Each structure stands twice: as C-alpha cells, then as structure tokens.
S.K.: 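Let me give you the structure first, and then I'll get to my questions.
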Amino acid sequence: MLPPDKAIWRPFTQHQTAACSLKVKSGRGTLLTLEDGRELIDAISSWWVNLHGHGHPKIAEAIYQQALKLEHVIFAGFSHDPAEELVKKLQPFLPSHLTRFFYSDNGSTAVEVALKMAYQTFWNRGEKRSTFVAFEGGYHGDTLGAVSVGARSLFNAPFEHLLFDVERVPYPATFFGDPSVEEKDEKALKAFKKIFLDKGSEIAAVIIEPLIQGVAGMRQARPQFLEQMEKIARQSGALLIFDEVMTGFGRTGTFLATDQSGCKPDFICLSKGITGGFLPLALTITTEDVFESFLSNEIGKAFHHGHSYTANPLGCAAAIASLELLKEKPYEKMEERINKEAEALVRHPLVKRARGLGGIFAFDLATEEKGYGSQVGNTYRELVEKEGVLIRPLGETVYVMPPYSISNKELQKVFHTLQGALASL
Ligand SMILES: *Cc1c(COP(=O)(O)O)cnc(C)c1O
C-alpha cells in the first residue's frame, strides 16, 4: 500500500516533477507551523480564504457550539437558524437590490449556479438567449460551466470539446501609473460593444471578476470600466454576473468590489472569505426580477439544482462569527498599511507593473521569462519561503493578500523578505 502522503492526488500538481508538500501541523494567527518546527507567515491567506488569521477562537467556538446543536440537515423542505441568521447578518453589507440568496459550497458552484440561473431566466420567459460574454484571463472555477467562461489555457486544453462557446473581450489589466489605461479601456469596450451590436439579443449574461482578476495575475480594471460595460449590457437586456469569490469580504478595501462602482449586478457570487477561511460555503445572490422568473405552476420552471451540503449549519455559523469580526471593517485599513511597507519595493528595478487595491498587492518580476510555465516565480517563492514567508506566485506575478489580522511587524517582515529575495534572483 502507498503511504498516505503518496496516495493523495493533489490539486493543480504535476506529480512527476512536483516537490514534496510541506506538512502543516498547526496555524495560529498569521503563522503556520510546519512538521519540522519551521514557521511561515501566511501572506496569501491560504489561497485567499482566510480573513482573521488561522485558528481564530471566536470562529472555532461558533462552529463547536453549532455542532453540538445541529451539524447538518437536508436543506430542501427544511431550514435552520444559522442559514437564516447569516442572510440577516449579510443583508446590511450588500446592495439592497440583491434580495434572494442561494446557498452552495464553493466558488465554482456559486458561479455555476449564477450561469444556470441566468440561462434559465430567459428560458422560463420564453426568450432565446444562450450566449455568455466573458473576459480574457478570467477565472471562475474548475467545474465545466465555470471553466467554459474562464480563460482557455494549457490547463483546460483536454476539455476543449466539452466546453460551451463564449464571446470573449479583453480585460484592461492596468497597474499603478499605467500610461495606456485609457487606451486599454477603450479597446476592451470597443470589442464589448461590437459583440452586443452583432448579437445583443442572443446574450444571456456577462460574467466578470470586478476590479481585479485573481488567477490571471491580479489584473486590474477601473470602476468606470465596469460602469460603461454595464451600460452597454443593459441596453440589450443581458444580465450581469459579478464573480466576487475572491474580491468579496473586503479584499479590495470595500466589502464588495461592486461597492466601488455604481453598478447593480444581477448576480453576485461569494465564497472563499465567507467563513473566514474555516469551512467551505458559498452564496449566489440575485434580484427579485430573476427570482420571479422562476415562479410558476410548472415544476420545470423551478431551479433544479442543489448540493448535499447546501447551507451547512457549521459553515453558516462560521460565516456569522466571521461577519461579527468584519464589523470593525479591518479591510479598510489594509491598502494604506500595505502601501507604506511596499514603498521601497515598488522602486526596485526587478519590480514591474506594481498594482494593488485594498488588501491585495502585486507586481511582475522583470525577467525575460513569461507566463505560467516560467520558473522564475517558483525560484523566487523558494527564496521567500526559506526566510519564513509563504507566497505562491502566478507565473511571474508575485502577490500578497494577507489575513486582515496580520500585525504591522509581520507585514514589515513580508515586504522586507520580498525585497531581500530579489537580490538573490
Ligand atoms: C477561486 C475562485 C473561484 C472558484 O472557487 P473554488 O472555491 O476554488 O471553487 C471562482 N471565481 C473566482 C474569482 C475565484 O477566485
């Protein structure tokens, strides 16, 4: 029999060439303790999920107390306090036109649900709209629908024939002091407009990561870009899906990225930060209009979609506890805190296209190699890890997205380490 560490097939891993996984024994605050006793500062919130640090006692306690009462129950025909309480607690944080909450359990399913709801809205109304518009570089998850609207790459090449066709538009991908930002916006909007001119009446929905595309390499777009895009989409009656799986829960400095624009999306997808990083949970939140299009005496017009762990009470309890901790709005201070520490780093000759928003900061390593296969990010990651900081570059893009609970001293160490490691590249 294989030893368990070999038997486990890991995500996004080429096992032939991958290094051994580091075994984590415990997490406390921003620190992860490894089996060999080393400590790492988690500068990426463990794949963007952790908000208040690891092992936060308030969230741990909330999960424990809920588990003693009710760990889980079927969510069709039944309800429970944690699911209702979480909606009540979330409402004041959200735009008031978003009134209907659909639970699932991860970011991909939150997106999948939005895509299916948007599509079925038109089907229910007897309108033929079957096209989605998405953005170059977009990432919306790993289930087939989510992959279809995401960027095509060598990662999903095997599935090409299984994916549905999508109209694609450039994403501006701007950065601090970008001299060509207006041009980029214009180019993207021109392409966007053309698609709507050609086939506006066939388009069901537009899906976008608002303000920042995560997986594509923390590529930014401005709020006015979102607003202009919305205007065009509205004229043809297409629905708007804002995938806030990464940007939600304060990552961009406001509770939602949507809050920085005047946009009124028809769907918002939330997951990652929702439980503070403790348990899998997701929400797809939509409007009265969309909800009403599913009301009928015909059973076939209902939304026939659900997961075994829909609205898991433990996840909801964790999310409620996490929202309590977010009441202080710790995310509002992140941008200033980060920019202060990043000042020296952004002037380094190996640092290109520095960018960031709220609690997210990124730059590209100024080397010849390009793209996801580039080794430079990996080399850099190893150098930084040796000094006690966990990062996970996206190709040559290096980013940090720490939990809001990171101390000033730890944040200083993160940026000091990033800078120091550049000298060894
Ligand atoms: C991570 C991510 C997803 C997918 O979420 P999973 O929980 O990993 O399935 C979808 N959209 C965006 C923007 C993400 O960053």
Side-chain angles (χ1 to χ4, degrees), residues 10-13 44-51 102-118 132-153 155-156 159 163 166 168 171 173 205-221 226 240-252 255-258 263 265 267-285 305 307-312 315 318-319 322 357-360 362 372 392-395 397 399-401:
R10 292 169 208 285
F12 299 111
T13 301
I44 56 164
S45 299
S46 284
W47 255 350
W48 321 347
V49 297
N50 194 290
L51 301 185
F102 192 94
Y103 277 107
S104 61
D105 47 22
N106 63 74
S108 306
T109 57
V111 167
E112 209 73 39
V113 164
L115 296 173
K116 286 174 76 178
M117 276 183 181
F132 287 95
V133 177
F135 287 81
E136 286 169 13
Y139 176 78
H140 301 288
D142 289 335
T143 53
L144 287 173
V147 169
S148 290
V149 291
R152 303 295 156 90
S153 71
F155 299 130
N156 48 49
F159 310 107
L163 305 177
V166 168
R168 235 169 272 278
Y171 196 85
V206 178
I207 181 163
I208 188 167
E209 292 161 86
L211 299 187
I212 301 190
Q213 282 185 328
V215 171
M218 304 302 159
R219 307 199 316 161
Q220 278 184 252
L226 299 178
L240 206 57
I241 303 169
F242 277 13
D243 177 356
E244 294 238 25
V245 170
M246 179 193 78
T247 51
F249 299 92
R251 286 297 181 195
T252 66
F255 189 76
L256 297 177
T258 307
C263 293
F267 295 91
I268 283 185
C269 306
L270 295 176
S271 187
K272 293 207 165 103
I274 190 167
T275 62
F278 273 65
L279 286 165
L281 188 75
L283 271 169
T284 306
I285 311 170
H305 183 116
H307 299 279
S308 315
Y309 281 99
T310 291
N312 173 251
S322 173
L357 192 65
I360 302 172
Y372 238 99
R392 191 181 160 94
L394 301 152
T397 297
Y399 69 90
V400 294
M401 189 193 298

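What you see below is based on every heavy atom in this structure, not just the backbone, and it leaves out hydrogens, waters and symmetry mates. Only a predicted model underlies this, so the values are computations on that prediction, with no experimental measurement involved. Counting convention: from 1, in listed order, for ligands and their atoms alike.
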S.K.: Is any side-chain heavy atom of Ile241 closer than 4.5 Å to a side-chain heavy atom of His140?
M.R.: no

S.K.: Which residues pass the side chain to side chain donor-acceptor pair (under 3.5 Å) test with His307, not counting sequence neighbours?
M.R.: His305

S.K.: Could you please provide the protein residues found below 4.0 Å of ligand 1 on a heavy-atom basis, arranged by chain and number?
M.R.: Trp48, Asn106, Gly107, Ser108, Tyr139, His140, Gly141, Glu209, Asp243, Val245, Met246, Lys272

S.K.: Ring centres under 6.0 Å, that's the criterion: do Phe242 and Phe267 meet it?
M.R.: no

S.K.: I need the minimum non-hydrogen distance between Val215 and Trp48, along with the two atoms involved.
M.R.: N-CH2, 3.6 Å

S.K.: Does Tyr399 reach the side chain of Leu394, with side-chain heavy atoms less than 4.5 Å apart?
M.R.: yes

S.K.: Could you walk me through whether Asp142 and Phe12 pass side-chain contact (heavy atoms from CB on, under 4.5 Å), step by step?
M.R.: CA-CA 11 Å; Asp142 289 335; Phe12 299 111; 3.1 Å; yes

